[in-house]
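Here the structure comes first, spelled out in structure tokens, and everything after it is commentary.
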Amino acid sequence: MPSDERAIIHVDMDAFYASVEQLDHPELRGRPVIVGGLGPRGVVSTCSYEARRFGVHSAMPTAQARRLCPDAVYLWPRMARYEELSARVFEVFHEVTPLVEGVSLDEAFLDVTASQRLLGPVEAIGRRIKREIRKRTRLVASVGMGPNKLLAKLASELSKPDGFHRIAAEYAAAELAPLPVGRLWTVGKVTEQALHRLGIRTIGELAACDTARLAGALGRHAVFMQALARGEDDRDVQPEQAEQSIGAEHTYDTDLEDLALAESWLLRHCERIAARARGRGLAGRTVTVKLREPPFVTHTRQAPLRESSASASDIYDVARGLLNVWWQTRTNPRLRLLGVSLSGFAERRQPGLFDGSPARRASDQVQDRINARFGSGSLVRAGVLRTRGQD
Ligand SMILES: [Mg+2]
């Protein structure tokens with residue numbers, strides 16, 4: 001292994017929410033379990049492997065899941081419980097490296113390049129992570145390893161469930177080549193279709209395709225996508241300590257074309273980042289909204305808060321204004337991705353001491369307490385209910 005090669009690990013819990021439900025409710029083991037939004041516009045968050053056999057997958061409308069698998073057990077997410085187990089999983093990560101980038105409650109990238117001197121080769125570290133997670137949570141994690149984030153994530157995905165796989169740099173091109181292009185990071189359904197129209201079905205064909213021809217269909221992303229197709233990816237693992245902003249975003253399988261629905265999602269994202277900021281004793285000054293039109297034209301709009309805040313309402317007021325202005329300037333507004341982030345953290349504060357109006361501060365704090373007690377999502381503003389549990 002070249003000495004300058006990075007060692008990146010991607011850990012992803014298998015069917016996390018559903019597995020937690022099966023862990024806590026033994027009578028559900030071996031049965032199809034579907035966790036998600038159970039309302040009319042609800043979407044599946046996670047389903048157990050038993051449910052996947054019926055063709056159910058995450059991000060599918062719950063109504064469709066009910067048709068495919070009417071006998072499954074349908075449950076609302078219990079976020080507080082998932083967060084509790086997630087904290088134990090992240091403890092394991094921080095025992096092997098300080099360079100941990102959490103992607104979600106059950107997924108993270110770890111840079112263990114330097115840890116190898118102390119803990120042995122990357123596979124030994126990967127085994128240790130799997131073993132410790134199993135021991136402390138009785139849940140199964142898939143572990144992927146590689147010289148960069150792209151390959152580490154692909155390695156865990158390809159070996160799931162109960163995965164353990166390393167893609168070495170020298171074999172990356174060979175491992176990637178036969179995979180369908182849709183497996184490549186950043187390639188969504190629309191890009192996949194565009195590539196299919198060019199006769200490109202595999203990652204290998206994408207890597208080998210004439211760049212000028214590809215640029216004709218994909219524009220300036222062509223060069224970037226071909227680098228990914230060769231297994232090249234120089235993104236760093238961004239540890240939480242270095243976090244300059246707290247954000248939440250979601251990519252939608254079905255584009256958002258309804259402003260009211262987009263606003264519900266925006267509010268939900270604001271609730272999440274406000275809770276995270278408050279949990280860390282942070283108050284931010286700047287709100288950024290990220291808007292992606294299909295397939296990948298991304299706009300960001302930024303505006304300051306009147307004063308530093310970690311209040312969901314304050315953040316939402318600004319974010320909603322930004323979304324509305326953007327929406328009104330489009331002839332045919334559609335969103336593939338919607339995100340919001342809070343940045344400009346001036347200082348660490350004691351949790352509980354936030355700026356923003358006193359009434360809002362009280363309301364947010366009550367909500368945090370209730371959510372901590374009964375599970376996040378127990379008390380959410382009415383607008384959020386429409387999007388509840390959709391990830
Ligand atoms: Mg997972």
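Throughout, residue positions are numbered sequentially from 1 according to the sequence presented. Everything numeric in this text was worked out from a predicted model, so none of it was measured. Counting starts at 1 for both ligands and their atoms, following the listed order.
- Taking the six-membered ring for Trp and thresholds of 30 and 60 degrees, Phe224 and Trp185 have ring planes more than 60 degrees apart, a perpendicular arrangement.
- Both the sub-6.0 Å distance and the 45° axial angle are satisfied by Arg127 relative to the ring of Phe164.
- The Mg ion (ligand 1) has Asp12 OD1, Met13 O, Asp106 OD2 as protein N, O or S atoms under 2.8 Å away.
- In summary, Arg78 and Glu21 engage in a salt bridge, as defined by a charged side-chain N under 4.0 Å from a carboxylate O.
- Every pair passing salt bridge (Lys or Arg N to Asp or Glu O under 4.0 Å) that includes a residue from residues 172-188 is listed here, sequence neighbours excluded: Glu157-Arg183.
- The aromatic rings of His10 and Phe109 sit tilted, their planes meeting at an angle between 30° and 60°.
- With salt bridges taken as basic N to acidic carboxylate O contacts below 4.0 Å, one links Asp162 and Lys130.
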